[in-house]
**Student:** 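The structure is given below, and queries will be raised subsequently.
FYI, the numbering just counts along the sequence from 1.
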Amino acid sequence: MATAPPPSRRAPRQLQAGRGPRPVTSHPGSVAMAAGALSGLVAVLETYRGRDRVVRALCYGCQLAGGALAGPQAPPSGLPGSLLAVSAQLSACRTALRLFDDFAMLGYSCGYGLGPKDEDVLVRGLSVLCNLANQLYYPCEHVAWAADAGIIRVGSRKWWTLSTALWASSLLLGILRSLRILFQLRRKPRQHQCSTSSPPSRREVKARVKAEVLSILADLADLSNAIHWLPPGFLWAGRFPPWLVGLLGTISSLIGIYQASRGGNSEAV
């Protein structure tokens with residue numbers, strides 16, 4: 001059972017900023033399409049969050065491919081072993097880059113505070129708890145990383161476990177929050193029948209529902225992996241083969257990329 005950090009924890013939805021503006025090109029036909037696609041890719045890779053999404057998808061994709069090719073072989077060698085090694089390197093890269101995420105998360109948490117007063121009380125409560133779990137996650141992971149690097153002399157295992165538990169808690173709170181929002185969206189048409197305010201359009205409601213459903217699916221995939229990285233004996237901890245971890249992570253990563261490309265993240269800052 002691996003006690004290393006989750007190979008590719010997604011940035012909290014609160015920190016997932018939208019993509020940058022797409023440059024407008026004046027090339028005709030297919031040349032314009034190719035130039036636009038290249039410009040969009042460059043714009044994504046020039047941002048930290050955009051590059052992080054791509055690296056995360058590659059990390060889990062390599063783990064999926066390596067695990068599927070390796071089969072029951074242990075330890076894997078050849079191409080499967082190389083793919084899994086690349087996945088581990090990309091994971092380590094993202095862990096190091098998360099050393100600087102504390103302040104962004106702190107800025108968001110302070111800005112959100114106890115939430116807007118016109119927001120549902122339960123949604124606000126879940127959001128505050130989710131922010132707290134995310135805020136505590138980072139220092140725990142930093143201590144584990146520093147212990148593995150030999151910077152501080154403490155056991156890293158318990159800190160990796162604590163950071164993973166906080167990650168799982170954040171994901172569970174995010175799922176509950178999205179479910180509450182979906183419940184609220186279902187009730188809104190009835191509420192607006194007795195209200196003088198203009199109701200949101202059907203298109204806006206459908207877009208919000210779609211965003212929340214996708215967020216739930218992504219969080220469920222990540223939560224499954226988070227439980228896998230907890231100490232053995234808790235639910236299915238330590239029982240997933242590498243290809244299944246890679247598959248769940250790839251699904252979550254692709255959903256995140258899709259939401260970013262469509263501006264579908266309802267919590268984007």
**Student:** If two hydrophobic side chains count as joined below 4.5 Å and joins carry through other members, does L69 share a cluster with L247?
**Tutor:** no
**Student:** To check you understand the geometry: which heavy-atom pair defines the closest contact between L166 and C140, and what is its length?
**Tutor:** CD1-SG, 3.8 Å
**Student:** With rounding to the nearest 0.5 Å, note down the distance linking CD1 in I255 to CD1 in I216.
**Tutor:** 11.0 Å
**Student:** Distance from L122 atom CG to Q184 atom CD, nearest 0.5 Å?
**Tutor:** 8.0 Å
**Student:** So, taking the atom named OG1 in T250 and the one named CG in L64, what distance separates them when rounded to the nearest 0.5 Å?
**Tutor:** 5.0 Å
**Student:** By side-chain hydrogen bond (donor to acceptor under 3.5 Å, both in side chains), which residues pair with K210, not counting sequence neighbours?
**Tutor:** Y258
**Student:** Less than 4.5 Å apart, side chain to side chain, heavy atoms only: is that true for L217 and I251?
**Tutor:** no
**Student:** State, to 0.1 Å, how close R124 and L114 come at their nearest heavy-atom pair, and which atoms those are.
**Tutor:** NE-O, 2.9 Å
**Student:** Is it the case that one hydrophobic cluster holds both Y48 and I257, taking links as side-chain heavy atoms less than 4.5 Å apart, direct or via other members?
**Tutor:** no
**Student:** What's the shortest heavy-atom distance between C130 and G174, and which atoms?
**Tutor:** SG-N, 4.5 Å
**Student:** Using only atom types and a distance under 3.5 Å, with no angle test, would you say the side chain of T95 pairs donor to acceptor with the backbone of S91?
**Tutor:** yes
**Student:** Can you hop from L162 to I151 via hydrophobic side chains spaced under 4.5 Å?
**Tutor:** yes
**Student:** Quick check for you: to the nearest 0.5 Å, what is the distance between H142 atom NE2 and W145 atom CH2?
**Tutor:** 9.5 Å
**Student:** Should V123 and I181 count as side-chain neighbours, where that means a heavy-atom distance under 4.5 Å?
**Tutor:** yes
**Student:** Taking it one step at a time, do W167 and D222 satisfy side chain to side chain donor-acceptor pair (under 3.5 Å)?
**Tutor:** CA-CA 9 Å; W167 179 37; D222 284 335; 5.2 Å; no
**Student:** Show the nearest heavy-atom pair for residues R177 and S127, with the distance to one decimal.
**Tutor:** NE-OG, 2.5 Å
**Student:** Out of L132, N134, L223, which residue meets the side-chain contact (heavy atoms from CB on, under 4.5 Å) rule with S170?
**Tutor:** N134
**Student:** Could you go step by step and tell me if V44 and R51 meet the side chain to side chain contact (heavy atoms under 4.5 Å, CB included) rule?
**Tutor:** CA-CA 6 Å; V44 168; R51 188 177 301 177; over 6 Å; no
**Student:** Please report the shortest heavy-atom distance between P76 and L84, naming the atom on each side.
**Tutor:** CG-CD1, 3.4 Å
**Student:** Looking just at side-chain N and O atoms, do E212 and S178 make a donor-acceptor pair shorter than 3.5 Å?
**Tutor:** yes
**Student:** In Å and rounded to the nearest 0.5 Å, what is the CG to CZ distance from D120 to R180?
**Tutor:** 4.0 Å
**Student:** Under 4.0 Å between a Lys/Arg side-chain N and an Asp/Glu carboxylate O for D101 and R49?
**Tutor:** yes
**Student:** Flag the pair H228 / L248 as yes when at least one side-chain heavy-atom distance between them is below 4.5 Å, and no otherwise.
**Tutor:** no
**Student:** Can a donor-acceptor pair be found, under 3.5 Å and without considering hydrogens, that links the side chain of Q259 to the backbone of A211?
**Tutor:** yes
**Student:** Taking the side chain as everything from C-beta on, heavy atoms only, tell me whether M105 gets closer than 4.5 Å to Y138.
**Tutor:** yes
**Student:** Can you tell if the side chain of Q63 reaches within under 4.5 Å of the side chain of Y60, non-hydrogen atoms only?
**Tutor:** yes
**Student:** Are V154 and L99 connected, step by step, through hydrophobic side chains (Ile, Leu, Val, Met, Phe, Trp, Tyr) whose heavy atoms are closer than 4.5 Å?
**Tutor:** yes
**Student:** If two hydrophobic side chains count as joined below 4.5 Å and joins carry through other members, does L90 share a cluster with L97?
**Tutor:** no
**Student:** Could you pull out the closest heavy-atom pair between S252 and A218, with the gap in Å?
**Tutor:** OG-O, 3.7 Å
**Student:** With a 4.5 Å cut-off on side-chain heavy atoms, are I227 and T164 touching?
**Tutor:** no
**Student:** Can you measure from CG (L172) to CG (L129) and round to the nearest 0.5 angstrom?
**Tutor:** 11.0 Å
**Student:** Do any side-chain atoms of residues 230-245 form donor-acceptor pairs under 3.5 angstrom with protein atoms, and if so which ones, sequence neighbours left out?
**Tutor:**
{"unit_1": "W236", "atom_1": "NE1", "unit_2": "S224", "atom_2": "O", "d": "2.9"}

